[in-house]
Amino acid sequence: MQKSSAENTFCPGLRLELPYLVDALGTNHGFLHDTRQFDLLAEIVADHHRHGEPLTSFLVAGCDRGIDAYSLCIALLEEAARLPGLEFSILGTDFLPANLGQAVRGVYPAATVRNLPGTLTKRYFLRSRTAPDNLVRLRPGVRNRVSFRCQDIFESFSLREPMDVIVCRQILHHFHPALATALAGRLRSYLSPGGILVLGARMSRAPGFRHLGHALYQAV
């Protein structure tokens with residue numbers, strides 16, 4: 001895929017440093033941070049399922065250490081408990097292998113579940129038996145639902161099929177608006193017709209999308 005002029009803004013040396021810069025700027029939010037986005041997305045998924053037009057393929061681009069990917073999984077599992085037959089697959093991508101290593105292990109500081117309802121914590125997490133560690137781990141039923149792949153958001157990549165939903169909440173708002181818009185356009189090319197793009201709440205509206213609320217956009 002040919003890069004836009006905005007994507008070619010950076011010299012090669014700085015370009016290689018960008019993922020590390022974004023990683024350093026990232027905030028370690030807890031699970032289901034900004035739950036309004038996950039609630040709205042779950043409503044959309046449920047509505048499509050009821051109308052026989054299921055949204056089943058999900059990509060979390062720039063997933064960092066996996067918290068957004070697993071948060072999405074938890075939201076969908078909660079919806080699936082109410083809607084028999086709801087199926088989904090989630091792929092998380094990130095540039096840094098160390099981030100993906102933690103994501104695959106599914107082990108996090110206990111502070112990441114501090115704001116979750118107790119019922120969700122018990123349902124989806126295991127607590128460390130050694131108090132000094134103060135860690136939690138996703139239960140196998142959550143970890144096994146999410147796969148991870150090392151991938152740079154700046155580079156073209158192949159998918160077996162277009163994605164119904166792409167979540168990219170942690171990256172684009174760090175960049176100049178022109179570059180962020182160009183990257184949102186690139187993500188749009190990986191969406192199925194009418195697919196949903198979930199951006200960070202601080203992102204401006206993206207061309208080629210209809211705003212659904214809470215920084216959720218539908219490709220038009």
Side-chain angles (χ1 to χ4, degrees), residues 26-50 54-94 99-149 163-171 196-203 212-217:
T27 303
N28 291 321
H29 295 301
F31 285 91
L32 292 173
H33 169 71
D34 197 351
T35 187
R36 297 171 302 172
Q37 288 189 299
F38 290 107
D39 289 344
L40 178 56
L41 180 57
E43 289 177 15
I44 293 170
V45 169
D47 187 63
H48 276 258
H49 179 75
R50 293 188 190 100
L55 303 175
T56 60
S57 56
F58 296 78
L59 169 66
V60 183
C63 70
D64 194 48
R65 295 160 182 83
I67 285 180
D68 265 5
Y70 287 129
S71 293
L72 172 62
C73 185
I74 290 170
L76 294 176
L77 285 171
E78 286 293 289
E79 206 61 44
R82 295 185 286 267
L83 290 172
L86 192 154
E87 297 291 338
F88 60 89
S89 63
I90 300 174
L91 170 65
T93 66
D94 197 81
N99 286 350
L100 295 176
Q102 180 173 354
V104 170
R105 290 191 299 274
V107 178
Y108 300 93
T112 57
V113 300
R114 181 184 300 148
N115 296 321
L116 283 184
T119 53
L120 293 186
T121 303
K122 291 178 181 179
R123 190 173 298 150
Y124 297 112
F125 294 86
L126 300 167
R127 287 195 175 271
S128 170
R129 294 183 181 275
T130 54
D133 289 341
N134 203 25
L135 299 173
V136 294
R137 189 179 193 192
L138 274 303
R139 292 182 181 273
V142 183
R143 298 198 312 273
N144 295 340
R145 286 276 196 158
V146 184
S147 59
F148 294 97
R149 188 168 99 185
M163 291 288 172
D164 294 321
V165 178
I166 296 178
V167 178
C168 187
R169 306 198 312 160
Q170 308 299 334
I171 296 179
I196 307 296
L197 178 63
V198 185
L199 298 178
R202 288 175 285 177
M203 265 292 294
L212 303 176
H214 299 306
L216 271 70
Y217 302 87

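Here the closest non-hydrogen pair linking Phe38 and His33 is CE1-O, 3.6 Å. Contact record, Gly92 with Cys63: C-SG, 3.8 Å, taken as the closest heavy-atom pair. For Gln170 against Gly62, the heavy-atom pair with the smallest separation is CB-O, 4.2 Å. Summarising the geometry of Val104 relative to Arg143, their closest heavy-atom pair is O-CD, 4.0 Å, with the distance given to 0.1 Å. Here the closest heavy-atom approach between residue Ala215 and residue Gly200 is recorded as CB-O, 3.7 Å. Minimum heavy-atom separation, Thr93 to Ala61: OG1-CA, 3.5 Å.
Within a 6.0 Å radius of CG in Asp34, other residues, nucleotides and ligands contribute more than 12 heavy atoms. Within a 6.0 Å sphere centred on CZ of Arg123, heavy atoms belonging to other residues, nucleotides or ligands number more than 12.
In this structure the side chain of Glu78 reaches within 4.5 angstrom of the side chain of Leu120, judged on heavy atoms. Looking at Ile67 and His29, their side chains never come closer than 4.5 Å, going by heavy atoms from C-beta outward. Put simply, the side chain of Thr56 reaches to within 4.5 Å of the side chain of Asp164, judged on heavy atoms. Between Val142 and Cys73, some side-chain heavy-atom pair lies under the 4.5 Å cut-off. With contacts defined as side-chain heavy-atom distances shorter than 4.5 Å, the pair Ile166/Ile196 does not qualify. You'll find the side chain of Val60 reaches within 4.5 Å of the side chain of Leu72, heavy atoms only. Two residues are said to be in side-chain contact when any heavy atoms from C-beta on lie closer than 4.5 Å; Arg145 and Phe88 meet this criterion. Counting only heavy atoms from C-beta outward, the side chains of Leu76 and Ile90 approach each other to under 4.5 Å.
A donor-acceptor pair under 3.5 Å is formed between the side chain of Arg105 and the backbone N or O of Gly101. The main-chain N or O of Pro140 is found under 3.5 Å from a side-chain atom of Asn144 such that the two form a donor-acceptor pair. Between the side chain of Thr112 and the backbone N or O of Gly30 there is no donor-acceptor pair closer than 3.5 Å.
The side-chain tip of Arg137 does not point at the ring of Tyr108 from less than 6.0 angstrom away and within 45° of straight on.
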task: Starting from the C-alpha separation in whole Å, work towards a yes-or-no answer on side chain to side chain contact (heavy atoms under 4.5 Å, CB included) for Phe58 and Val45.
output: CA-CA 11 Å; Phe58 296 78; Val45 169; 3.9 Å; yes
query: Where do Val107 and Gln102 land on the side chain to side chain contact (heavy atoms under 4.5 Å, CB included) test, with the steps shown first?
result: CA-CA 7 Å; Val107 178; Gln102 180 173 354; 5.8 Å; no
task: Could you give me the CA-CA distance, side-chain angles and deciding distance for Ile44 and Leu55, then say whether side chain to side chain contact (heavy atoms under 4.5 Å, CB included) is met?
output: CA-CA 9 Å; Ile44 293 170; Leu55 303 175; 4.0 Å; yes
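Applying the ring-ring contact (aromatic ring centres under 6.0 Å, His included) test between Tyr70 and each of Phe31, Tyr124, Phe148 identifies Phe148 as the sole match.
Considering CG of Leu212 and CG of Leu41, their distance stands at 10.0 Å, rounded to 0.5 Å. In this structure, CG on Asp68 lies 8.5 Å from CD on Gln37, to the nearest 0.5 angstrom. Here the CG atom belonging to Leu216 is positioned 5.0 Å from the CG atom belonging to Leu40, to the nearest 0.5 angstrom. Distance check: Leu138 CG to Ile74 CD1 gives 5.5 Å after rounding to the nearest 0.5 Å. Atoms NE2 and CG, from His49 and Leu83 in turn, are 5.0 Å apart once rounded to the nearest 0.5 Å. If you take CZ on Phe125 and CG on Leu116, they are separated by 5.5 Å, rounding to the nearest 0.5 Å.
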